[in-house]
**Q** 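I have a structure here, written as structure tokens, and I will follow up with some questions on it.
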There are 2 protein chains.
Amino acid sequence: MAASPATSRLAAPRYALASSAKSRFDRRLAKILAHAVNVFYEKGYEGASMRDLSRASGMSLAGMYHYFESKEKLLYLIQRHTFSTIVEQLRGKLDSTDDPEARIRILILNHLEYFLANQKAMKVLSHEDEVLKNGFGAEVRSLKREYYRICLDVLDDFKRANRLGFSSRVAVLSLFGMMNWIYTWYNPRVDGDAAKLSEQMGDIFLRGIQDGKSVRKSARVN
Amino acid sequence: MAASPATSRLAAPRYALASSAKSRFDRRLAKILAHAVNVFYEKGYEGASMRDLSRASGMSLAGMYHYFESKEKLLYLIQRHTFSTIVEQLRGKLDSTDDPEARIRILILNHLEYFLANQKAMKVLSHEDEVLKNGFGAEVRSLKREYYRICLDVLDDFKRANRLGFSSRVAVLSLFGMMNWIYTWYNPRVDGDAAKLSEQMGDIFLRGIQDGKSVRKSARVN
DNA sequence: TATACTGTAGAACGAACGTTCGAACTATGG
DNA sequence: CCATAGTTCGAACGTTCGTTCTACAGTATA
């Protein structure tokens, strides 16, 4: 048979990556993933060839297949790692307070901090979110739903605490839009760091979902 | 020689499409573009093959090349048409009033109306915005800057009229994010039509960029 | 009816794609 | 020092890619 290790070690913590993975295999794989992120970031998933990816990692084309069985799995590993890390981080930080507004601020800051620190991975996550099919796609979509659920709950708490009437769904999805879109325009020199940006977006969003006489209904179209 | 018409008619209003294009050639091309939008929408630019595109238009692979000289040009024609139409529509509608807030409402409604009515084309425009290089890319980017400029001016008017202090850049780009992101989540059955959505987003955004005691600075993180 | 141009498609081009195979290398442990 | 497992890669597989060539049918003009 002579099966490759990636397929033979069926159980075992193959593809650890999240925790303190120590084996030579895991460290090498993590390096490959990091280089692959750069290539996917620049050329897109379909536009990046296995030859591009192997060149970027300084490894032969065939050698890559020792670490993962397909290009699709490579994208899956990147997306899973990125998504589960941001969910994990958010969970930890939200524990620090019960104040509903502060929790929304935390959510925004965490998202933008992670987004800007891992901009390329986050673009690959946002931009290539429909290419994974079947099993891999289902797993990533499940992580996404989990993240969405957490944020929706944070918003619902705020809404209840302040007796507000906005649609939580539209609000949270609008907020995601504001934040995820930055990969198309962010420039550190003119836009500052995550703290500055999250304060600005937080201000807009938090004022936006609260009641206020400031909005003149008369100015509405139709 | 036997040059194809697409390359031989050098001057002339080849690729009219925007205005009331009447020739058999233009009508057929418009049909192909419409079908191509569907395919790009579902598979992405790189993921869609010329064979997919020809199948969708019910035309042979070779026959397509009578209407445009490359796959890249096909994407360019789609993007240019979509973008110049939305810019043109916005220009027309903004003329109807001078009220700064009403103009922002118009901008949002126009964007969402067009976005939802041409959701597939708008996704192709948003999602495949980096694949066009050189000449084609420069032209589309120029249209994008024009649209950005108009929106920035509308926001600046509002800011000046109400003596507000927000960053117009961050505000307009956040607004684009809110609006453009909807292609990832919009469901007509639960989210209603463009008018409803633009009222909700308009409320969030307009309150968000105005001053108000509602935002507790104390709740800020760090 | 002869002439010229427009529109269409079958077949093929070379290049690039994701993936596989087997041989060769290196590291480890008895 | 040999045996074994883990790691690497050149070469090639079959397929699909975007594009082109050529021949031919349709249509309008003269």
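Computation of the quantities below employed the complete heavy-atom set of this structure, encompassing side-chain atoms and omitting hydrogens, waters and symmetry-equivalent molecules. Residue numbers start from 1 in every chain, and the chains themselves are labelled A, B, ... in the order their sequence lines are given, proteins ahead of strands. This structure is a prediction, so every number in the text was calculated from the model and none was measured.
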**Q** Take the protein atom CG of A:Asp26 and the nucleotide atom P of D:dG6, then report the distance between them rounded to whole Å.
**A** 13 Å
**Q** If the helix axis at each end comes from five base pairs, how far does the helix from C:dT1-D:dA30 to C:dG30-D:dC1 deviate from straight, to 10°?
**A** 0°
**Q** Going 5' to 3' along nucleotides 8-23 of chain D, which nucleotides have protein heavy atoms under 4.0 Å from the base (write B), which only from the sugar-phosphate (write S), and which from neither (write -)?
**A** BBB-B----BBBBB--
**Q** Taking only Lys NZ, Arg NE, NH1 and NH2, and the carboxylate oxygens of Asp or Glu, determine whether B:Arg149 and B:Asp153 approach each other closer than 4.0 Å.
**A**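 Counted as a salt bridge, because a side-chain N and a carboxylate O are separated by less than 4.0 Å.
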**Q** Give, for atom CD of B:Gln119 and atom CG of B:Leu112, the distance between the pair rounded to the nearest 0.5 Å.
**A** 11.0 Å
**Q** What donor-acceptor contacts under 3.5 angstrom involve side-chain atoms of residues 47-55 of chain A, with partners at least two apart or in another chain?
**A**
residue : atom : partner : partner atom : Å
A:Ser49 : OG   : A:Arg51 : N            : 3.4
A:Ser49 : OG   : A:Asp52 : N            : 3.0
A:Ser49 : OG   : A:Asp52 : OD2          : 3.2
A:Asp52 : OD1  : A:Arg55 : NH1          : 3.3
A:Asp52 : OD2  : A:Lys43 : NZ           : 3.4
A:Asp52 : OD2  : A:Ser49 : N            : 3.0
A:Ser54 : OG   : A:Arg51 : O            : 3.0

**Q** On the six-membered ring of A:Tyr45, is A:Lys71 placed so that its NZ or CZ lies under 6.0 angstrom from the centre and within 45° of the ring axis?
**A** yes
**Q** Does B:Lys144 count as lying over the ring of B:Phe83, i.e. NZ or CZ under 6.0 Å from the six-ring centre, within 45 degrees of the axis?
**A**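 Judged by the rule, B:Lys144 and B:Phe83 form no cation-pi pair.
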**Q** When the ring planes of B:Phe25 and B:His66 are compared, do they come out parallel, tilted or perpendicular, using 30° and 60° as the limits?
**A**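 B:Phe25 vs B:His66 ring planes: perpendicular.
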**Q** When rounded to the nearest 0.5 angstrom, what is the spacing between CG in A:Asp193 and OH in A:Tyr186?
**A** 6.5 Å
**Q** Salt bridge check, B:Arg169 against B:Asp156: does any charged N sit closer than 4.0 Å to a carboxylate O?
**A**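 Salt bridge between B:Asp156 and B:Arg169, a charged N being under 4.0 Å from a carboxylate O: no.
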